[in-house]
Amino acid sequence: MTAIVASNIHSVPAAPPQRSKSRLRVGADWLLAGTHPEPDDIRNELLHQRASKTKTLAVAIFASLLTAVIAATLTGAAWAYAWMAAELVLGSIRVYLMMADVAKAKAAQRTGTTIAPIWAGLTSTILITVGCYQCVGSGVLPLILMAGIGIANLVGGISSRNAGTPRYGALLICILTLPFGVATILSPIPYLFLVGLQTPLYTAGMIFLLLENHKGLLNLHRSEHRNRQMAHHDLLTGLPNRAMNQKLFAELLATPEPTSPNSKLTVFCLDLDGFKAVNDGLGHATGDAVLVEVSRRLRASVREVDFACRLGGDEFVILLPDISSDAAISIARRIIAAVSTPFEFAPAARIGVSIGIAAATRDGNTADELLSAADRAMYEAKRRGKGGFVIHAPDVEGVSLAPAADAHHAGFTETVWPEAADSAA
């Protein structure tokens, strides 16, 4: 059977231009950043850790409202009633935002990255510190004592809840403690200034505790990240391994059928030609270096939406979602040319690649069916002389992998790049 290949080459649409971030977004991103740049998954986990501390936030909201109520009761001042009203409004907003974050977490969405909870928390902290400053100015000793205890409790909660966002946590701690310290220094109450003198030391100590909490949490997430990488990625090349390949297969096959005539998923099975001779003749160290370089060339030859996986040895699989036949053939040719290029670090290493191609739903609807079809086509490419690719056809399900006299007409569709085949021979 011969494939009819359209003349139009598939082109990948350019990514839409990203909108410039607002100043609030930039400010929030800076506040939420850690002490060192981290991968997106670790950063998201640190942000989620902050958003998941719902009980700590609920206690903080209740404690600040209670302090405002007591201040209004003891002083009867307008500022105290205004503080109480503001706490009711802002506390309700923060509870709503907290519930929205919990709902997103249950839906497995990203949490802790929206602007509103960040600025709401900052506004609440400023409100509390203004209220506590007024408590010191009132001269009512029980109220001053309660304000100090309340700030200490809040700072302890901040050092825990914001362990994943140390910049933001340190800012909140400074806003809470330093104005209170200034108020005690300026107070006419005898010896109250001693509280203000020790406040900077207390503030520094809590910030150091926050940084220690951040370090411990970061080490934990880094270890989890490394474990996930080891479980789902090949240690030598960094490509997704067999387990990750199955997961990617399931996710891509679960996507809706494309509205275009493209294949929902095209699968390449690749096997290196001449790799055993390199391993035996030049040593395993050179063979490993070749595999690493081949992996780099594979990544450079496919689209950003494609996945190159290493199943083991010199066997690779590439998953190409939503792609036309012409585009798949173009990528196969590009891979053959790239892999067969001599290696600067080992000019004697002559490597080629044979590729078998299968597409959903023409050749199967499951990962096993597509891999089997692509694998058969790959063996056919090797039988025909290596250094080329063969497209599977659905009427060869019962064809043996062993070469046969009429295998050339067994229902495979072949498109080979002769130059690449010659270089790999």
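For the numbers below, each heavy atom of this structure counts, side chains included, while hydrogens, waters and symmetry mates do not. In this text, all values refer to a predicted model and were calculated from it rather than measured experimentally.
For the pair L265 and F249, the minimum side-chain heavy-atom distance is below 4.5 Å. Proximity of T199 to I185: side-chain heavy atoms (C-beta onward) are nowhere separated by under 4.5 Å.
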Test log, rule salt bridge (Lys or Arg N to Asp or Glu O under 4.0 Å), inputs R383 and E380
CA-CA 5 Å; R383 193 199 65 80; E380 177 66 10; 3.2 Å; yes
Going through the checks in order, is the side-chain hydrogen bond (donor to acceptor under 3.5 Å, both in side chains) test met by N241 and H233?
CA-CA 5 Å; N241 59 14; H233 290 79; over 6 Å; no
Tell me, with the steps shown, if F268 and I335 meet side chain to side chain contact (heavy atoms under 4.5 Å, CB included).
CA-CA 11 Å; F268 288 2; I335 289 172; 4.0 Å; yes
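A salt bridge links D273 and K382; the closest N-O separation between the charged side-chain nitrogens and carboxylate oxygens is under 4.0 Å. Using a 4.0 Å cut-off between a side-chain N of Lys or Arg and a carboxylate O of Asp or Glu, D234 and R310 qualify as a salt bridge.
Remark: the S330 side chain and the R333 side chain contain no N/O donor-acceptor pair separated by less than 3.5 Å. Counted by atom type alone, R362 and S263 present zero donor-acceptor pairs between their side chains at under 3.5 Å.
The list of salt bridge (charged side-chain N to carboxylate O under 4.0 Å, His left out) pairs with a residue in residues 242-251, not counting sequence neighbours, is empty. Among residues at least two apart or in separate chains, salt bridge (charged side-chain N to carboxylate O under 4.0 Å, His left out) pairs with a member in residues 281-296 are E293-R296, E293-R297.
Taking the six-membered ring where tryptophan is involved, the planes of F345 and F343 are tilted, since the angle between them lies from 30° to 60°.
Remark: side-chain polar atoms of S160 are not paired, donor with acceptor, to backbone N or O of G156 under 3.5 angstrom.
Put simply, CG on L211 and CG on L218 are 11.5 Å apart, with the number rounded to the nearest 0.5 Å.
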